[in-house]
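What follows is a short report on a single structure.
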Amino acid sequence: MPCFSCGARQSDPIRGASPWKRGVRQEAQVLICPDCQRAHDLDLDTCSTCGSVALICRLGEVECRSCGAVRPARAGGQAAVSCAPGLADEVEAALNRVLGRVH
Ligand SMILES: [Zn+2]
Ligand SMILES: [Zn+2]
């Protein structure tokens, strides 16, 4: 999953130690590269309770990782499709494993 803003890809993703951040933009889970995290015009969704951008988008809801507030996603079916945290990563990792064996 590339950076939603500049399209950069993680060169060496390390789970749990990546400087990349997850966020939610227009109720879709996005990744933000370290460079773009310094920008202030990312237009990320914010928590309506505490204003944090540390949100995670799950099926049908958006949870704040700062204060724990959960709100339903507005966009119904579309959000359910676009918000599958981890799924895209898992698919990409699986593809990489398969491709790695082939080559
Ligand atoms: Zn970026
Ligand atoms: Zn919050």
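- Taking every heavy atom of both residues into account, Gln10 and Ser18 meet most closely at OE1-OG, 3.1 Å.
- Contact record, Gly68 with Glu63: O-CG, 4.3 Å, taken as the closest heavy-atom pair.
- Residues satisfying the side chain to side chain contact (heavy atoms under 4.5 Å, CB included) criterion with Arg71, sequence neighbours excluded, are Glu27, Asp45, Val62, Arg74.
- One distance of note links CD1 of Ile32 with OG of Ser5; it measures 9.0 Å at 0.5 Å rounding.
- Applying the side chain to side chain contact (heavy atoms under 4.5 Å, CB included) criterion to Ser66, with sequence neighbours excluded, gives Cys50, Ser52, Ala54, Cys64.
- The two residues Phe4 and Leu42 have their closest heavy-atom pair at CZ-O, 3.6 Å.
- Counting all heavy atoms, side chain and backbone alike, Trp20 lies closest to Cys3 at CZ3-N, 3.4 Å.
- Remark: Asp43 pairs with no residue by the side-chain hydrogen bond (donor to acceptor under 3.5 Å, both in side chains) rule, at least two apart or across chains.
- Taking OG of Ser48 as the reference point, atom CG of Leu55 lies at 9.0 Å (rounded to 0.5 Å).
- Side-chain contact between Arg22 and Leu31 is present, with heavy atoms from C-beta onward closer than 4.5 Å.
- A distance of 8.5 Å separates CG of Leu59 from CD of Glu61, quoted to the nearest 0.5 Å.
- Taken from OG1 in Thr46 to CZ in Arg25, the straight-line distance is 13.0 Å, to the nearest 0.5 Å.
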